[in-house]
Amino acid sequence: MTVVARGVLDDRGDGPGRLGTGRAHGKAILLGEHAVVYGAPALAVPVPQLTAVAKARRAGGDGGDEISFAIAGLESPEVTSLPTDGLQHLVTEFRQRAAVTEPMRVDVLVDCAIPQGRGLGSSAACARAAVLALADAFDRRLDAATVFDLVQTSENVAHGRASGIDALATGATAPLIFRNGVGRELPVAMAGTARTARRSDPAGFDAVLVIADSGVSGSTRDAVELLRGAFERSPRTRDEFVSRVTSLTEAAAHDLLQGRVADFGARLTENHRLLREVGISTGRIDRMVDAALAAGSPGAKISGGGLGGCMIALARDRRESAAVVRSVQQAGAVRTWAVPMGRFAGHDD
Ligand code: PMV
């Protein structure tokens, strides 16, 4: 005889009480942000240390839809029950795409360890985790394209015109090259993901990526709008920006595959210069970039939407990453994360 606890029965059933779980993680854009909105390629990496976990529990009782959304996170340790417009929109779309005909009576709690407004994919990761939890709670199998579309629905509300890179990168297990809504994972090992180094991999990209939070929240929507206005006034500036970033990102993807850390770094710094030129960087981020380079980093730049947010810097090994961390902290970074790649990916020391 098998004895099953009541709670467990509830969790695994397919009606009221069923608990669904969904997970996603943060991301950092290495090159191509903003230009990607205009058709350039962009390169992003998953940041598995930064997680979003959603639990969706179907509620019992009669009546129509009753959806509660709550988000617990770093910024506000207490749970907030005010979902973003994007997440509200997502539930409506989920019902349609997953063909849910019964009333949607469900409580969703997203536990998000990804700081908001830092270009680390917090909104997309929350949306992805919520979609996967809802699918699990309603016992629906969603293909990757449907999950992407649903996250994009929410991102478009949150960000204005979102390219889709966050929607994809927050579920990726390797560096991702993304262009015009299509992403391809590159065979480069990253710590904490399912993908570790394989014999068939080309050359190892042995580096540590240092991500440093400037402590200032930037609005991606405002940044995208700022550039849209500037580019409308000067299409030539747009074309030059997009074409230069395209060349840099394509070359950087080859460097990544061939393990050329120094060349890759130089392209990061050049991309930073282009982003600063169009007005996306801030004084503090520029100081952090300079500090990383002064500590020996082969390349550093602002990452993501900008007007605040994070800086990324490359380091050739752990000792160099520790020096970069110290230096960017002195320049104003409030938090840092190290993301090991290639040869370092399998080691947590
Ligand atoms: O979420 P963020 O701040 O990393 O910004 C996303 C990147 C942008 O290119 C600025 C916007 C987009 O939708 O691609």
Side-chain angles (χ1 to χ4, degrees), residues 24-47 50 52 73 75 84 86-87 112 114-129 148-172 175-183 209 211-231 238 241-242 244-246 248-249 252 268 271-272 274-282 285 301-312 337 339:
H25 48 67
K27 68 96 205 18
I29 297 183
L30 301 184
L31 290 103
E33 55 274 89
H34 287 291
V36 69
V37 175
Y38 300 89
L43 202 54
V45 289
V47 182
L50 297 173
E75 299 327 68
T84 61
L87 288 178
C112 188
I114 311 169
Q116 290 173 13
R118 304 298 203 271
L120 295 173
S122 152
S123 61
C126 283
R128 175 173 275 273
F148 172 81
D149 288 350
L150 287 168
V151 178
Q152 260 305 83
T153 304
S154 161
E155 283 291 277
N156 278 328
V157 176
H159 280 186
R161 183 178 159 192
S163 66
I165 190 166
D166 284 18
L168 217 53
T170 49
L176 184 87
I177 183 110
F178 179 90
R179 189 170 203 170
N180 294 327
V182 182
L209 185 71
I211 303 174
D213 182 358
S214 69
V216 179
S217 178
S219 157
T220 300
R221 178 187 269 274
D222 290 353
V224 169
E225 272 302 299
L226 179 95
L227 282 195
R228 199 181 56 78
F231 289 165
R238 178 197 61 211
F241 175 72
V242 173
R244 288 157 87 179
V245 173
T246 299
L248 275 178
T249 307
L268 288 183
N271 194 170
H272 178 71
L274 296 174
L275 287 162
R276 197 184 54 193
E277 229 170 60
V278 294
I280 286 305
S281 192
T282 65
I285 296 266
K301 69 182 270 293
I302 192 166
S303 173
L307 302 179
C310 284
M311 179 223 68
I312 53 164
W337 299 270
V339 185

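We count ligands from 1, going down the list as the structure has it; atoms in each ligand are counted the same way. This one's a predicted model, so the numbers in the text were calculated from it and none came from an experiment.
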How does I29 reach ligand 1, by side chain, by backbone, by both or by neither, if only non-hydrogen atoms under 4.0 Å count?
side chain
K27 (side chain) donor-acceptor with S122 (main chain) under 3.5 angstrom:
no
State the atoms of ligand 1, each with its element, that fall below the 4.0 Å cut-off from a heavy-atom position in E33.
9 (O)
Mark the output for K27 as yes if a heavy-atom distance to ligand 1 is under 4.0 Å, and as no if none is.
yes
Per-atom contacts of ligand 1 with V36, taking only distances under 4.0 Å to non-hydrogen atoms:
9 (O), 14 (O)
Would G305 count as being in polar contact with ligand 1, using the rule that some N or O on each side must be under 3.5 angstrom apart?
yes
Hey, does the side chain of N271 reach the backbone of V245 with a donor-acceptor pair shorter than 3.5 angstrom?
no
List ligand 1 atoms under 4.0 Å from G119, heavy atoms only on the residue side.
2 (P), 3 (O), 4 (O)
What atoms of ligand 1 come within less than 4.0 Å of a heavy atom belonging to H34?
8 (C), 9 (O), 10 (C)
Looking at A162, which atoms of ligand 1 are within less than 4.0 Å of one of its heavy atoms?
13 (O)
Taking only non-hydrogen atoms of V37 and a 4.0 Å limit, the atoms of ligand 1 in range are 9 (O), 11 (C), 12 (C), 14 (O)
Donor-acceptor pair, side chain of H34 and main chain of G305, under 3.5 angstrom:
yes
Side chain to side chain donor-acceptor pair (under 3.5 Å), that's the test. Do S123 and E155 meet it? Break it down for me.
CA-CA 7 Å; S123 61; E155 283 291 277; 2.7 Å; yes
Any side-chain to backbone donor/acceptor pair from S303 onto L30? Under 3.5 Å, distance only.
no
I'd like to check whether S163 has a polar contact with ligand 1, where a contact means an N/O of the residue lying under 3.5 Å from an N/O of the ligand.
yes
Ring-plane angle category for F231 and Y38, please: parallel below 30°, perpendicular beyond 60°, tilted otherwise.
perpendicular
Could you tell me whether a side-chain N or O of R228 sits under 3.5 Å from a main-chain N or O of L226, the two making a donor and an acceptor?
no
